[in-house]
**Student:** 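My structure is below; once you've seen it, I'll send some questions.
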Amino acid sequence: MFCFQCQETAKGTGCTIKGVCGKEAETSKWQDLLLSVVRGVGTIQHTLGENASKEVADFLVDALFSTITNANFDDQSILNKVDTGIALKKQLLETALSKNITFPNYQEVHWGGEKSDYSAEGEREGVLRNENADLRSLKELTVLGLKGIAAYYDHAARLGETNEEIIAFICKALATITAPDADMETLLGIVLETGKYGVDVMALLDKANTETYGNPELTRVNIGVGKKPGILISGHDLKDIEDLLIQTEGTGIDVYTHGEMLPAHYYPQLKKYKHLVGNYGNAWWKQKEEFASFNGPIVFTTNCIVPPAKNANYAERVFTTNSTGFPGWKHIATGEDGKKDFAEVIALAKTCDAPQEIESGEIVGGFAHAQVFALADQVVEAVKSGAIRKFVVMSGCDGRMKSRNYYEEFAKALPKDVVILTSGCAKYKYNKLNLGDINGIPRVLDAGQCNDSYSWAVVALKLKEIFGANDINDLPIFFNIAWYEQKAVIVLLALLYLGVKNIHIGPTLPAFVSEGVLQVLVDNFGLAGNSTVEEDIQKYIL
Ligand code: FSO
Ligand code: SF4
């Protein structure tokens with residue numbers, strides 16, 4: 001196996017024996033096979049020059065999403081997706097033949113899809129099939145960005161928002177990276193265009209979320225527990241938590257959010273449910289201990305899954321849905337009407353003890369663009385009077401590595417006149433530190449999930465207008481992003497597309513960015529890693 005798609009990759013270069021995330025070599029091979037089928041389907045669809053059918057769009061989105069770090073560890077689930085893709089590929093090839101359309105002579109297009117050849121094809125089609133490090137890097141940067149796009153698209157589509165242009169771009173980008181002779185210039189172009197569609201898909205999801213559930217608003221979220229049994233819901237899918245809240249109403253079961261589901265509390269149409277009682281625990285990587293003490297069922301709507309220890313007391317209580325999967329865990333399918341039936345989860349919850357308290361108190365959030373605009377006069381006044389010296393965007397992910405303590409220390413070391421703009425699970429490093437406020441404006445403004453980084457782009461553009469700045473980079477905003485998996489990759493590409501320069505990413509630079517490509521990103525965008533807390537504060541804040 002060879003996988004280098006996340007920040008925790010082995011030795012900072014690539015997992016070759018087993019994933020640090022727990023992914024087995026066999027699973028990695030099936031994911032490589034699935035991605036080759038995805039490239040084949042995307043290329044043929046692009047060559048056809050017509051809009052993809054719902055089946056093709058659903059397949060591409062689901063398959064890309066399921067190969068995101070920590071999303072799906074279930075070989076059978078991945079192989080089922082391979083079967084679906086091969087059937088679709090055959091249909092598309094027949095359409096092409098009937099129209100006398102010739103398609104490119106690529107392995108991914110012509111491979112016949114024989115089951116006996118699945119393993120060999122998976123081996124052939126891994127990341128290292130591209131020998132040139134720079135070309136490989138650009139191709140991977142593109143496909144990892146597409147995985148992020150697929151994740152966000154999936155959530156938006158589940159709320160009824162679809163967009164043919166985004167799907168057409170996914171196909172075009174897949175066709176571009178499948179071409180064995182694609183050159184640097186073409187590939188750089190497609191990487192940057194991926195960023196454009198990153199902006200589009202985040203806007204699509206923002207529209208879907210806010211039109212369905214209202215604009216996030218300032219909310220205090222309880223981090224303690226109640227006395228009733230609870231269901232813990234993790235991941236990013238708001239439709240799932242809504243279905244669960246409706247089905248648990250009046251049953252005597254409480255619902256708690258976990259990890260990236262915390263921002264569900266900020267939406268008027270979700271927070272109205274009285275039995276949505278709080279957020280339990282922290283970022284994804286602490287789940288082994290926190291699931292054990294939660295006592296009740298846990299539902300994964302998306303990544304990030306950590307494989308449980310062999311003697312884990314909660315393995316029987318975990319359910320997956322959507323693109324996620326784990327061998328032995330129950331999977332809840334989506335019904336014809338797009339809804340889920342959580343009856344089994346609710347029945348199990350009724351037999352469980354209430355969660356054990358691990359924390360108490362409240363955290364504050366809900367500062368997506370509309371809430372920030374509502375505070376605009378106050379914010380602008382504070383900037384003009386000098387009460388706010390600077391904003392630091394610290395969106396992104398949290399993770400296991402000790403080097404991530406940088407972000408907690410950085411937050412603590414910031415002067416008291418600096419405001420942190422956050423989103424994604426990166427916030428768990430500093431959202432319980434009580435960093436205070438500036439004239440009533442909290443010093444940690446949480447917009448929501450990682451895709452809500454979109455809010456910070458919207459806010460930055462608004463500030464540019466208010467302050468009459470020529471360039472977004474002239475604003476007193478420093479970008480210090482923590483990354484872990486591929487949704488952070490699309491957020492980064494989106495920010496680059498919007499013209500944001502001098503972004504710092506950490507705790508380490510991506511292994512999939514080759515030296516040559518890094519140089520291009522440094523030269524054109526001022527992209528940089530981080531240094532020590534002291535040095536970075538001195539250089540970029542003071
Ligand atoms: Fe975190 Fe995991 Fe949202 Fe990622 S839960 S790491 S960037 O999936 O998607 O922030
Ligand atoms: Fe390794 Fe990350 Fe890939 Fe898992 S997702 S195999 S940890 S690079």
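When a ligand or atom number is given, it counts from 1 through the structure's own listing order. Since this is a predicted model, take the numbers as computed values, not measurements.
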**Student:** Can a side-chain donor-acceptor contact be found between Lys487 and Asn303 if the only test is distance below 3.5 angstrom?
**Tutor:**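 Side-chain D/A pair, Asn303 to Lys487: present.
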
**Student:** Compute whether any side-chain donor of one residue and acceptor of the other, for Lys81 and Ser66, lie under 3.5 angstrom apart.
**Tutor:**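 Lys81 vs Ser66: no donor-acceptor pair found between side chains.
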
**Student:** Closer than 4.0 angstrom, basic N to acidic O: yes or no for Arg158 and Asp240?
**Tutor:**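 Judged by the 4.0 Å cut-off on N to carboxylate O distance, Arg158 and Asp240 do form a salt bridge.
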
**Student:** Under 3.5 Å, is there a donor-acceptor pair between the Thr324 and Asn72 side chains?
**Tutor:**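 Per modelled atom types, Thr324 and Asn72 side chains form no pair under 3.5 Å.
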
**Student:** Side chains of Glu242 and Tyr213: is there a donor and an acceptor less than 3.5 Å apart?
**Tutor:**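 Present: a donor and an acceptor within the cut-off.
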
**Student:** Going by distance alone, is a donor N or O of one side chain under 3.5 Å from an acceptor N or O of the other, for Glu260 and Ser234?
**Tutor:**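 No pair is found: no donor N or O on one side chain lies under 3.5 Å from an acceptor on the other.
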
**Student:** Using 30° and 60° as the class boundaries, would you call the ring planes of Tyr454 and His369 parallel, tilted or perpendicular?
**Tutor:**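 Ring orientation of Tyr454 relative to His369: perpendicular.
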
**Student:** Hey, do the aromatic rings of His258 and Phe291 have their centres closer than 6.0 Å?
**Tutor:**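 Yes, they do, as the ring centres are separated by less than 6.0 Å.
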
**Student:** Which protein residues come within less than 4.0 angstrom of ligand 2, counting heavy atoms only?
**Tutor:**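 Answer by chain and number: Met1, Cys3, Phe4, Gln5, Cys6, Thr9, Cys15, Gly19, Val20, Cys21, Lys23, Thr69.
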
**Student:** With a 6.0 Å cut-off on ring centres, are Trp284 and Tyr484 close enough?
**Tutor:**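 Under 6.0 Å, so yes.
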
**Student:** Under 2.8 Å from atom 4 (Fe) of ligand 1, which protein N/O/S atoms are there?
**Tutor:**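 The answer is Glu485 OE2.
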
